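What follows is a short report on a single structure.
Predicted model, so just to flag it, every value in this text is computed and none were measured. By convention in this document, chain letters (A, B, ...) are assigned in the order of the sequence lines, proteins followed by strands, and residues within each chain are numbered from 1.
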Number of protein chains: 2
Amino acid sequence: MNDRGGTFDGVHRRNLSKVLRLVHLEGAMSRARLTGLTGLNRSTVATLVAELVELGLTVEQPPDPTNRVGRPSPVVAADPHVLALAVNPEVDAITMAAVGLDGRIPIRERIEVDRLPSPEETADLVAATRDRWMAGELRRARLIGVGLAVPGLVRASDGLVRWAPHLEWTDAPLRALVEEATGLPAAVGNDASFGAHAEHLFGAGRGVDDLVYLNGGASGIGGGLVVHGRLVGGTGGYAGEFGQNRPGIADPADRRADGGVLEDEVSRARLLEVAGLASADEPSLAAALAASKAPEAAAELARQRRILATALGNAINVLNPSLVVLGGFLATVAESDPADLEQAVGAQTVAAAFEEVSIRVAALGEDRLMIGAAEAALSPLLADPLSATRD
Amino acid sequence: MNDRGGTFDGVHRRNLSKVLRLVHLEGAMSRARLTGLTGLNRSTVATLVAELVELGLTVEQPPDPTNRVGRPSPVVAADPHVLALAVNPEVDAITMAAVGLDGRIPIRERIEVDRLPSPEETADLVAATRDRWMAGELRRARLIGVGLAVPGLVRASDGLVRWAPHLEWTDAPLRALVEEATGLPAAVGNDASFGAHAEHLFGAGRGVDDLVYLNGGASGIGGGLVVHGRLVGGTGGYAGEFGQNRPGIADPADRRADGGVLEDEVSRARLLEVAGLASADEPSLAAALAASKAPEAAAELARQRRILATALGNAINVLNPSLVVLGGFLATVAESDPADLEQAVGAQTVAAAFEEVSIRVAALGEDRLMIGAAEAALSPLLADPLSATRD
DNA sequence: TCCGATATGCGGTCAAGCGCAACAAATTCG
DNA sequence: CGAATTTGTTGCGCTTGACCGCATATCGGA
């Protein structure tokens with residue numbers, strides 16, 4: 001209840017946040033447009049923008065030469081020198097990027113590792129890379145924080161990685177380790193949740209307030225939800241574990257794993273197998289499956305579509321989203337026959353809910369996790385720009 | 001974006017709302033406690049309370065003789081004369097009640113009908129009952145609106161009942177009909193969603209921000225979700241249709257309906273059958289099942305527990321709630337062996353999510369729907385008390 | 001029974017934020 | 001080149017809540 005929303009100070013902070021969020025999410029825009037979107041007075045917006053410039057969070061640029069009547073309005077943009085680090089530790093490599101408040105990614109690096117990285121090594125690597133970048137490409141940068149997208153269960157309250165099976169981490173205090181090593185505030189979260197957030201803000205789910213996101217990776221199926229325009233964390237932050245669900249399987253012949261969960265039945269490994277590949281990136285797998293003449297390939301895709309349809313149907317009945325976004329190999333499964341998938345989903349959902357939902361493929365590519373992780377790191381700044389008093 | 005939160009007027013309105021909501025939800029409390037809970041200044045709270053009294057929404061009472069040091073603080077309470085009508089049309093009867101802003105229910109009536117009521121008849125009956133009550137028991141009352149809990153799919157945007165199978169209503173413009181007949185603003189919603197809201201605000205889910213509610217009725221299973229402390233509606237308002245989900249059924253022998261949905265497998269009718277009853281209210285059914293020596297009764301309960309456990313597991317994995325509330329005959333199923341149900345849920349959920357969830361039985365009785373419907377009718381007033389300018 | 005401690009209410013003063021209105025500036029159109 | 005249009009800028013007034021000092025009410029202990 002103590003959200004300070006009632007105080008005057010609160011009003012000002014909220015308005016600053018509103019303006020900064022707009023230029024962050026919608027990109028550079030004129031001051032006039034800001035007045036329109038915020039509903040605030042021209043003079044108020046002028047004050048707010050001036051304060052944000054003073055804080056070093058936005059920059060004002062000369063007006064765009066739009067051929068319209070009237071005095072041109074200066075363009076307000078997020079300061080590209082304000083950056084967050086994004087990190088995604090995986091089995092074979094640690095991917096890092098710097099993501100600007102303007103949404104651009106000036107630098108990005110995939111650091112291969114020859115054995116599973118430990119949480120401590122990860123933290124040290126982040127710090128080392130930060131130092132290297134700050135001495136070089138990011139000389140003029142101002143780092144706000146670090147966001148880490150981890151393939152596993154992360155406790156939201158303290159950034160403890162409860163369990164990351166593929167990295168073989170258990171109860172790793174990643175947030176504390178990274179904050180210790182870098183001196184920057186860190187945000188740790190589940191990779192799929194961050195992906196969902198990124199798709200919601202910048203991808204296929206832009207402007208959609210209720211969506212379900214499912215991502216198929218090499219190691220399983222993760223996901224995230226957006227309800228009322230907000231990413232759902234749940235009590236602990238573990239929400240979105242669609243892969244561990246048990247959807248109904250109408251035809252017993254479709255079952256592959258006894259008592260198995262969704263990610264045992266709908267799996268990338270099975271697709272690789274019928275495609276006759278040992279490993280492949282997503283486009284090659286999709287191409288191989290499309291080119292395959294073998295009947296097993298089509299049959300396996302159809303089987304996975306059927307089971308996926310039930311899982312999606314369950315989610316749609318309960319959440320009544322306006323959009324379902326599929327990423328990773330689930331996009332491949334969906335695109336193998338979109339009409340069939342849609343028909344199967346429709347047959348298993350309440351008609352009214354099905355009318356309003358559309359199923360789409362994720363729009364952001366590899367950058368999804370980087371953007372989502374950076375967003376988590378930037379979120380305190382966006383919520384309260386005054387917290388970024390410059391030193 | 002135009003929530004007027006940035007303006008001063010907005011602050012005042014929000015603060016009024018905050019205070020009114022507190023006395024509505026938490027009951028009467030001292031002005032001193034209000035200052036503490038809102039975080040506002042004493043003088044501010046004094047102004048706000050005075051304004052609410054002026055608006056006729058709250059009353060100030062002499063201080064409670066609490067045996068505490070210091071000057072006693074006047075007690076602020078919701079005005080019991082401010083009321084909302086709650087209506088629940090069902091196959092055999094239409095139940096109506098008047099629910100006060102103070103949470104009390106001064107009057108309640110079950111009006112039996114000998115054939116299915118039409119939407120028009122329902123609206124007329126509401127108007128007639130309102131008139132009768134206003135001439136009698138509710139002479140001094142001030143009615144704010146009508147809330148209707150309908151057993152079916154309701155489009156939130158315009159209160160259109162898309163489909164209420166048991167009432168045999170299709171695309172009934174109930175909100176418009178009731179507003180026309182009564183001249184009062186009406187709120188229409190799904191009965192289970194309203195039940196979920198009521199349990200969240202006043203029942204087993206008090207103070208819990210993330211919960212899942214499932215209710216088992218004679219005609220099926222409905223539910224509702226609360227995420228981030230808010231009832232989830234989804235895009236159209238159809239969220240919560242757990243009964244139409246297809247949970248995995250590990251043992252094919254457990255399946256009763258081919259390609260059936262949850263409410264075909266877990267159903268009150270099957271319980272009545274094994275209990276050897278034609279019809280019964282909930283306590284009698286529970287008693288009959290507990291007393292039954294027949295092995296089929298225990299077996300059927302166990303079977304329904306297994307399937308329910310999978311459905312709950314799916315919801316818990318996805319939403320990571322801190323509480324699952326079971327109502328209606330699902331409470332009977334759960335209480336037939338709580339430990340068994342819990343164990344089965346635990347076996348099908350992500351460990352971290354299971355740690356944080358507890359499964360409880362609904363706390364509110366018959367009043368659940370009335371309270372939930374009234375809450376929906378009162379919600380515009382609670383959100384903006386100034387909208388209730390007295391005439 | 002009285003007095004100090006504690007807790008709260010009340011009124012006045014002050015600073016801050018925002019809306020408003022008037023004016024100034026920049027651009028397009030005829 | 002002037003009218004029309006749109007927007008930035010400036011100063012003013014209103015509203016609001018924080019802060020301060022004082023009054024008031026109750027309790028506990030001397």
Hey, could you give me each pair passing salt bridge (charged side-chain N to carboxylate O under 4.0 Å, His left out) that has a residue in residues 28-45 of chain A? Not counting sequence neighbours.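 Residue pairs with at least one partner in residues 28-45 of chain A: A:Arg31-A:Glu60.
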Both A:Ala46 and B:Leu48 contact DNA chain D. Which one's nearest nucleotide lies toward the 5' end?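 Its nearest nucleotide lies further toward 5', so the answer is A:Ala46.
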Summarise how protein sits on nucleotides 20-30 of chain C as a single string, 5' to 3': B when a protein heavy atom is under 4.0 Å from the base, S for sugar-phosphate-only contact, - for no contact. B-B-BBBBS--
[X] [atom1] - [N] [atom2] separation (whole Å):
{"X": "A:Leu40", "N": "D:dG8", "atom1": "CG", "atom2": "C1'", "answer": "16 Å"}
{"X": "B:Leu34", "N": "C:dT8", "atom1": "CG", "atom2": "C1'", "answer": "14 Å"}
{"X": "B:Glu51", "N": "D:dT16", "atom1": "CD", "atom2": "C1'", "answer": "12 Å"}
{"X": "A:Leu16", "N": "C:dA16", "atom1": "CG", "atom2": "P", "answer": "15 Å"}
{"X": "A:Lys18", "N": "C:dC18", "atom1": "NZ", "atom2": "P", "answer": "11 Å"}

Does a side-chain N or O of [X] approach OP1 or OP2 of [N] to a distance below 4.0 Å, or not?
{"X": "B:Asn15", "N": "D:dT16", "answer": "no"}
{"X": "A:Arg14", "N": "C:dC18", "answer": "no"}
{"X": "B:Thr35", "N": "C:dT8", "answer": "no"}
{"X": "A:His12", "N": "C:dC18", "answer": "yes"}
{"X": "B:Arg13", "N": "D:dT16", "answer": "no"}

Tell me which nucleotide among C:dC18, D:dT9, D:dT7 gets nearest to the side chain of A:Ser73.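 Selected nucleotide: D:dT7.
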Run B:Arg360 and B:Leu323 through side-chain contact (heavy atoms from CB on, under 4.5 Å) and show every step you take. CA-CA 7 Å; B:Arg360 243 180 278 166; B:Leu323 179 66; 3.6 Å; yes
Please find the pair of heavy atoms, one from A:Leu143 and one from A:Met134, that lie closest to each other, and give the distance.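 Heavy atoms of A:Leu143 and A:Met134 come nearest at CD1-SD, 3.9 Å.
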Do A:Thr182 and A:Leu85 touch side chain to side chain, with heavy atoms closer than 4.5 Å?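 Heavy-atom side-chain distance check fails, nothing below 4.5 Å.
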So which of A:Asn15, A:Thr44, A:Val45, A:Leu48 actually passes side-chain contact (heavy atoms from CB on, under 4.5 Å) with A:Thr38?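 The single option meeting the side-chain contact (heavy atoms from CB on, under 4.5 Å) with A:Thr38 is A:Val45.
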Looking only at atom types and distance, does a side-chain atom of A:Ser17 sit under 3.5 Å from a main-chain N or O of A:Leu382, one as donor and one as acceptor?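 Side chain of A:Ser17 to backbone of A:Leu382, a donor-acceptor pair under 3.5 Å: yes, one is there.
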With side-chain contact (heavy atoms from CB on, under 4.5 Å) as the criterion, how do A:Leu225 and B:Leu319 come out once you've worked through the C-alpha distance, each side chain's angles and the decisive distance to 0.1 Å? CA-CA 8 Å; A:Leu225 323 171; B:Leu319 294 162; 3.5 Å; yes
